[in-house]
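Take a look at the structure below.
Just so you know, these numbers come straight off a predicted model, no measurement behind them.
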Amino acid sequence: MTDWPPVDPADANAVADRRDEIVEAVREHAGRIAYQLALLQGGDYGSRDVDTDRGTWTVKYEGGDLEYLLFSPRSGADVYVISTKRDPEPEPLATALADYDAFVRGFNEYVDSLEGVLDDVSAEFPEATTTETAVAERDRVLDAVRDACDRMAGELHRYEGGDYGTYAARVDGTRWELKWDRDGVSYLRAGGSGGVYLLSQYEAPSAADVRQYAPQFRGFVEAYNEEIGELEAELAAIEL
């Protein structure tokens, strides 16, 4: 049987309680710094490094709340003074907090350095030009394209039967595809599977895309007419 020394283990509760008390005070104070930093930088999350003679402090926030406060000394291991995992050990905490005042002064100097930086920035801006005319012209062109595609869809539905189908043709190296159903055109796409939807059930294309592809649409309709004409000629040649 082992003979243990007749000495009771030291009670760490007092040290731990004091550590917790200090950490909570720092969390509250640094939390105000994190909130001010969030206001200054904007956004829901971010961080800022503050250099001191003894090392670098990093404040990281999320949603305006302090996420962690890290002290990286010039030599030695990093100390997470505040973190979401566990509190630091008392000795590293004491080493870090010996530099805490310098960190606060550094942060204040950073904020002070930004005062007046926007004084000479004018808030007078040119009037933004309306897109109303361009959008109206885009819609006018697309309405004409849709009318033509609806007519093509109706003819294809009558000719091919069924509730839906597609017609595709290549115009000057660009693949065009019209998908139709019983109600008319479902979509018109130029440029293959990754191309531009001139007509769809979702959003309208940009005016720039309409300007690029609308002139080519005439060639797509002509290809359709030519193919239908060839089919009619072939059927007319059939004798029964």
Side-chain angles (χ1 to χ4, degrees), residues 37-48 60-65 67 118 121-240:
L37 184 62
L39 290 177
L40 187 61
Q41 293 187 336
D44 292 332
Y45 57 90
S47 65
R48 178 74 189 181
K60 190 173 189 303
Y61 63 88
E62 184 168 350
D65 295 329
E67 186 171 358
L118 298 176
V121 177
S122 174
E124 299 292 332
F125 306 114
E127 187 69 25
T129 301
T130 179
T131 61
E132 182 178 358
T133 301
V135 170
E137 286 301 301
R138 177 196 65 187
D139 293 345
R140 178 185 64 80
V141 173
L142 290 180
D143 286 345
V145 171
R146 183 176 296 278
D147 287 344
C149 286
D150 280 338
R151 292 197 299 273
M152 293 167 65
E155 296 300 329
L156 289 166
H157 172 60
R158 182 171 62 175
Y159 173 74
E160 295 189 5
D163 291 335
Y164 57 88
T166 59
Y167 171 76
R170 189 169 294 275
V171 179
D172 296 332
T174 299
R175 187 180 189 277
W176 289 72
E177 181 177 278
L178 183 152
K179 183 176 181 181
W180 54 270
D181 55 32
R182 293 176 64 97
D183 297 326
V185 58
S186 178
Y187 69 70
L188 175 66
R189 184 176 64 204
S193 59
V196 173
Y197 285 84
L198 288 179
L199 301 176
S200 75
Q201 298 174 349
Y202 304 101
E203 62 186 16
S206 69
D209 287 335
V210 174
R211 180 178 61 186
Q212 177 181 355
Y213 289 106
Q216 301 178 26
F217 178 68
R218 178 182 296 275
F220 176 64
V221 177
E222 290 173 349
Y224 162 82
N225 289 339
E226 183 178 348
E227 183 169 334
I228 296 300
E230 292 175 353
L231 289 173
E232 290 178 350
E234 292 174 358
L235 289 174
I238 297 175
E239 295 182 0
L240 299 177

Would you give the length of the straight line joining atom [atom1] of [X] to atom [atom2] of [Y], rounded to the nearest 0.5 angstrom?
X    : Y    : atom1 : atom2 : result
Y61  : L37  : OH    : CG    : 5.0 Å
T174 : Q212 : OG1   : CD    : 8.0 Å
E137 : L142 : CD    : CG    : 11.0 Å
Y45  : D65  : OH    : CG    : 15.5 Å
E62  : E67  : CD    : CD    : 5.0 Å

Work out which heavy atom in [X] is nearest to a heavy atom in [Y]; give both atom names and the distance.
X    : Y    : result
C149 : L188 : SG-CD2, 3.7 Å
S200 : R146 : O-NH2, 3.9 Å
A223 : A169 : CB-CB, 4.0 Å
V210 : P205 : CG2-CG, 3.7 Å

**Request:** May I ask you to decide if the ring planes of Y213 and W176 are parallel, tilted or perpendicular, using 30° and 60° as cut-offs?
**Result:**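 The arrangement is perpendicular - the two ring planes meet at more than 60°.
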**Prompt:** Could you walk me through whether E203 and Y197 pass the side chain to side chain donor-acceptor pair (under 3.5 Å) check?
**Reply:** CA-CA 9 Å; E203 62 186 16; Y197 285 84; over 6 Å; no
**Item:** Backbone of A134 reached by a side-chain donor or acceptor of T131 within 3.5 Å
**Value:**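 A pair under 3.5 Å: no.
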**Message:** Looking at G154, is its backbone amide N or carbonyl O close enough to the side chain of R151 to form a donor-acceptor pair, meaning the two atoms are under 3.5 Å apart?
**Reply:**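 Pair absent, no side-chain N/O of R151 close to backbone of G154.
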**Message:** Tell me whether R175 is salt-bridged to E177, with the criterion being a basic N under 4.0 Å from an acidic carboxylate O.
**Reply:**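 A salt bridge is present here (some side-chain N lies under 4.0 Å from a carboxylate O).
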**Asked** Does the side chain of Y224 come under 3.5 Å of the side chain of E155 through a donor N or O and an acceptor N or O?
**Response**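 Not at all, the side chains of Y224 and E155 share no donor-acceptor pair under 3.5 Å.
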**Test applied, side-chain contact (heavy atoms from CB on, under 4.5 Å); reference residue, S186; option that passes from L178, L199, D181** =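 The passing option is D181.
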**Request:** Check the surroundings of atom CG in D143: do more than 12 heavy atoms from other residues, nucleotides or ligands lie under 6.0 Å from it?
**Result:**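 Result for CG/D143: enclosed.
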Heavy-atom distance under 4.5 Å between the side chains of [X] and [Y], does that happen here?
X    : Y    : answer
W180 : H157 : yes
F217 : V141 : no
V135 : R138 : yes

